[in-house]
Structures are given as C-alpha cells and as structure tokens.
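Working notes for the structure below.
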Amino acid sequence: MTAAENERYSRQILFPGLGLEGQARIGRASACIVGCGALGSFQAEALVRAGIGHLRLIDRDYVDYTNLQRQWLYDESDAQNESPKAMAAARRLQQINSHVRIEPLVKDMTPSNAKEITSDIDIILDGTDNFETRYLINDLSVKSKRPWVYGAAVGSYGVVMPIVPGKGPCLACVYPEPPSGLQPTCDVNGVIAPVTATVAALQVAMAMRLIAGWDDFACFIHTMDIWQGTHKRVSAGEADAACRVCGKLEFRYLDGQKRTPVSLCGRNAVQLHENARPLDLQELATRLRPLGVVRVNEFALRLSVPKYDVTFFPDGRAIVKGTTDVGVARGVYAQLVGS
Ligand SMILES: [Zn+2]
C-alpha cells in the first residue's frame, strides 16, 4: 500500500480487527451488490469509503422521489431525470473514492446472467427486495462456494444473516420455501431509513470481517426493531443435510426452474403466471386501497395507480398494464403482493 493509502485509511488500519493486513485485503477484494435501493446504496457507499478494490452494482430501476427518503447516494436531480440507479450511484461513488473500480450494470440479475455477473467476485451483498433473487444468489453462492450476506427490512423491522458455504447453513436451510400469501412490503407497509441503514451497516460489517479473513465464523441470524430499540441474535444452527441446496446440491433457481413464467400480452402489458400463490382478493383490496383506485369482484381485482393498471386473479396470476418490461412487471408484483 502507498503512503497516501496508509493515510487515507489510517482510522480503519488502527482498528484492531483490520490492521494493515485487513486493509490490504479489502483493497484487493471484489464485491457485487445486487439491488441499489435503500440497502444497496448504503452498502455501496460504505464499501467504497472503506477502500474496496472492485465493486459491481446491479439494478435495473430508476430513481424517483419516493426513494429519496431512505436511499443514499441519490439526489433530486436524479429523481427529476429518472436516472438509472446503478449509473447515478456509480457517478456519486466515483466522486467519493476515485481509486475504486466501479462497474454499474443496468439490469436484473436472472438465471441466465447470474454466473457471468459474479464469476470474478469474492462476496455478494443482498440489496434486493424479493425472495426469487435471494434464492438465486443462494444457489450461486453454494455452487461456487463463495459467501453472501442476506438482509431485509420493512417498517422498522430488519433481519441480517451471513451465509458462508461449508461453514454454516445456507438461506434454504433456514427458509426452505419462499413465504406464501400476502407479505409486508415497503410500498404497502412503509419503511423508515434508520432500519435500512442499520441492516445495511451490519451487512457491510459482516462482509468486511469475511474479506479481512476472520475465520472464527459462526452463523447468527440478527433481527431488530429499530423503533422499539430492540436487537436479537440467535444461532442459525448447523447446515441441514436434507437441504435441497447445500445438502442435495439442487440449484433450481440458478437452473431457472423456479422463475415465474411471463408473457407479453397486448401492446403494453405483461402477464405474470404466478399460479402457485393463491390470493384472497378481498384481503388484497383492503391492503391496496390506500395506494390507488381498487375495483374488485370474485373473479378479479383491478388496481389503478398513476403509472400502471394491475389486475390480479384468485390463482395468483396478474397482468401489469403500462409496461412491456418484464423486470418492471415482476418488481410491481413484488412491491404489491410481497416476495
Ligand atoms: Zn442449505
């Protein structure tokens, strides 16, 4: 390391958990952040300030005004211009630390590009808002024996769990199946910035610890309610020999078998054939009424919001009108129903 680097990172080098060797490892490391919303934008800023060598950012979304309350790195001009989050984040990050190699990708992580996107990466941080992508990251992590750090937040509640293949359970050991039925989401239930910042900060601390080579890894699940001021840490136990991912080495999400089929329908609509997820339309109506105009009968529920018209069916299918972008349609479904 150069004298300028020693100076710049001196407070981090003084920290006994890192020292010169830990700092040098951070400088050689590469990380991938999947999703640049509230969690991912905080993780990116913290890792870039810490002097990570190479950072890849993946997000296909655009900045809007509702993001500014909790998403770091973005400002009013990004919302005004509807800048792609990955590009706006990269611009700001490069101003914060010009020595870091930052690679923004304006796309979704999918089974067809996931391996390529992460092939040269040491650690993955979860900044997503849906379980489909998390199980995909988990498949990748177990298959390539590389760590990732799961994190999620809604309301004032958050959860964090580091996953290190071979040293503890994977996500599928702890949550074998994605949650079913309606789930709380930030777009329906709200979220406050202190909880996303706390979850993201804890994810970055775990990542720095793993990068710095601490081998005393024990897997804990951290949960917190930032409004109540409570924080719990429970052991995640051992890896489950019967786990379909790390036990049986079945990578259904990476193989694309679990991807919700979609089809373009009409000139400006996407149909999501999510028929393994029955919906109670009356319950959904109560949940969605604060967001827009809801019309419901026993066969369908239609929600009209400024950008989209979304029609839900009792078997879980939905048609998102107002886009031909499959990623956008998936995102709208996850925001309204949960993931
Ligand atoms: Zn497992």
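Note that the numbering runs from 1 along the sequence shown for the chain. Counting convention: from 1, in listed order, for ligands and their atoms alike.
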Option from Tyr253, Tyr175, Trp148 for which ring-ring contact (aromatic ring centres under 6.0 Å, His included) with Tyr135 holds: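 Of the listed residues Tyr253, Tyr175, Trp148, the ring-ring contact (aromatic ring centres under 6.0 Å, His included) partner of Tyr135 is Tyr253.
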Test: Arg287 and Glu283 ion pair at under 4.0 Å: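 No, no charged N to carboxylate O under 4.0 Å.
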Ionic contact status for Asp139 with Arg252, cut-off 4.0 Å: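 Salt bridge absent between Arg252 and Asp139.
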Side chain Gln23, main chain Ser10, donor-acceptor under 3.5 Å: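 Pair absent, no side-chain N/O of Gln23 close to backbone of Ser10.
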Donor-acceptor side-chain pairing of Ser77 and Asp75 below 3.5 angstrom: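 Yes.
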Thr66 and Asp64: side chain donor to acceptor below 3.5 Å: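 Their side chains do contain a donor-acceptor pair, which is all the 3.5 Å distance test asks for.
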Number of protein N/O/S atoms that sit closer than 2.8 Å to the Zn ion (ligand 1):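 N, O or S atoms of the protein closer than 2.8 Å: 4.
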